[in-house]
Asks: 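The structure that follows is given in the form of structure tokens.
Residue numbers start from 1 in every chain, and the chains themselves are labelled A, B, ... in the order their sequence lines are given, proteins ahead of strands.
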There are 2 protein chains.
Amino acid sequence: MVTHDDKVFKALADASRRQLLDRLRKKNGLTLSELCDGHDMSRQAVTKHLVLLEEANLVTTAKQGREKLHYLNPVPINEIYTRWIGKFERKQVQALHNLKQALEESNDD
Amino acid sequence: MVTHDDKVFKALADASRRQLLDRLRKKNGLTLSELCDGHDMSRQAVTKHLVLLEEANLVTTAKQGREKLHYLNPVPINEIYTRWIGKFERKQVQALHNLKQALEESNDD
DNA sequence: TTGACATGCAACCATTTGGTTGCATATAAT
DNA sequence: ATTATATGCAACCAAATGGTTGCATGTCAA
């Protein structure tokens, strides 16, 4: 079964796709051609990446004349953070807390 | 180039690996056999997943007798959050802020 | 010491992934 | 009307991924 979360994680697993998201974060509403500039691969390859990002709901598109505009949707990223990553962060905070306690206790020697 | 972040993202991209991390989060120091229980795949397949998690520094291992113990390291997860995901979260907060402003302005009609 | 258990290692396999090229179509500009 | 630009679609391909099986090795227990 491919869950929604799984699509997001898999979409984020590729450096080229993360770079595309990064560029949309800096400047939203870029066209396909604009997104292709500076990416060392064919337009069709970029399109494939964008389709995956769309399927993960990380990017929304709107056609304007002959151009296709791309918009970042950061919501799914936030979702996997709150629903998954956050649990591990809290674990780390707790681990640091435990370490701090251990260090303080070792000072009692 | 395969960066450190890239290894972490790719390690998290597989549901089975996320499940393994989840189990270590709930109970740290599990052996390989214990981690295999409840996973519908061969021991060797689980080993491969654990190797990837180790290479991403998400799991640390220690051999004790004939058993191999596995420990969760949540630090890399926190790193990709602060260095990458957080930027998108702030974006979302800002978007919500903008939406709120827009709604309030529309109330002036 | 013999057998059972826990793990390691390697070969192999099907599917997915990430890319390519070629061609078609729709829109804008001259 | 013609040409250039922006995008869509499909076939193809190599490499990576996620799994398998078979066998070897190290360690604990009877």
Asks: Quick check: any donor-acceptor pair below 3.5 Å linking the side-chain of A:Gln44 to the base of C:dG22?
Replies: yes

Asks: How far apart are the closest heavy atoms of B:Ala11 and B:Ala56, and which atoms are they?
Replies: CB-CB, 3.8 Å

Asks: In this structure, how many angstroms lie between the C1' atom of D:dG18 and the CG atom of B:Asp40, rounded?
Replies: 13 Å

Asks: Picking from C:dA4, D:dA6, C:dT20, which would you name as closest to the side chain of A:Arg66?
Replies: D:dA6

Asks: More 5' along DNA chain D: A:Glu34 or A:Lys10, using each one's nearest nucleotide?
Replies: A:Glu34

Asks: Kindly give the heavy-atom pair with the smallest separation between B:His39 and B:Val46, and that separation in Å.
Replies: CB-CG2, 4.3 Å

Asks: Of the nucleotides C:dT7, D:dG8, C:dG19, which one has an atom closest to the side chain of A:Lys68?
Replies: D:dG8

Asks: Roughly, in whole Å, what's the span from NZ in A:Lys48 to C1' in C:dT20?
Replies: 8 Å

Asks: Can you work out whether B:Thr47 or A:Met41 has the more 5'-proximal nearest nucleotide on DNA chain C?
Replies: B:Thr47

Asks: Does the plane of the ring in A:Tyr81 sit parallel, tilted or perpendicular to the ring in B:Tyr81? Use 30° and 60° as the thresholds.
Replies: parallel

Asks: Round to the nearest Å and state the distance from B:Asp14 atom CG to C:dT17 atom C1'.
Replies: 14 Å

Asks: Rounded to the nearest Å, what distance is computed from the CG atom of residue A:Leu53 to the C1' atom of nucleotide C:dT17?
Replies: 14 Å

Asks: Testing the basics here: between A:His4 and A:Asn57, what is the closest heavy-atom pair and its distance to 0.1 Å?
Replies: CE1-CB, 4.2 Å

Asks: Check the phosphate of C:dT20 against A:Ser42, side-chain N and O only, distance under 4.0 Å to OP1 or OP2. Yes or no?
Replies: yes

Asks: Quick check: closest heavy atoms across B:Asn28 and B:Leu72, and the distance to 0.1 Å?
Replies: OD1-N, 2.8 Å

Asks: So which one's nearest nucleotide on DNA chain C is more toward 5', A:His49 or B:Leu32?
Replies: B:Leu32

Asks: Under 4.0 Å, counting only non-hydrogen atoms across every strand here, what does B:Ser33 touch: a base, just sugar-phosphate, or nothing?
Replies: sugar-phosphate

Asks: What's the closest nucleotide to the A:Lys63 side chain, out of D:dT7, D:dG19, C:dT27?
Replies: D:dT7

Asks: Ignoring backbone atoms, establish whether B:Arg43 has a side-chain N or O less than 4.0 Å from OP1 or OP2 of D:dT21.
Replies: no

Asks: Between atom NE2 in A:His39 and atom C1' in C:dT20, what is the gap in whole Å?
Replies: 17 Å

Asks: Between D:dA16 atom P and B:Asp6 atom CG, what is the distance in whole Å?
Replies: 13 Å

Asks: What is the distance from CG of B:Leu50 to C1' of D:dG19, rounded to the nearest Å?
Replies: 15 Å

Asks: Given atom CZ of B:Arg18 and atom P of D:dG18, what is their separation to the nearest angstrom?
Replies: 11 Å

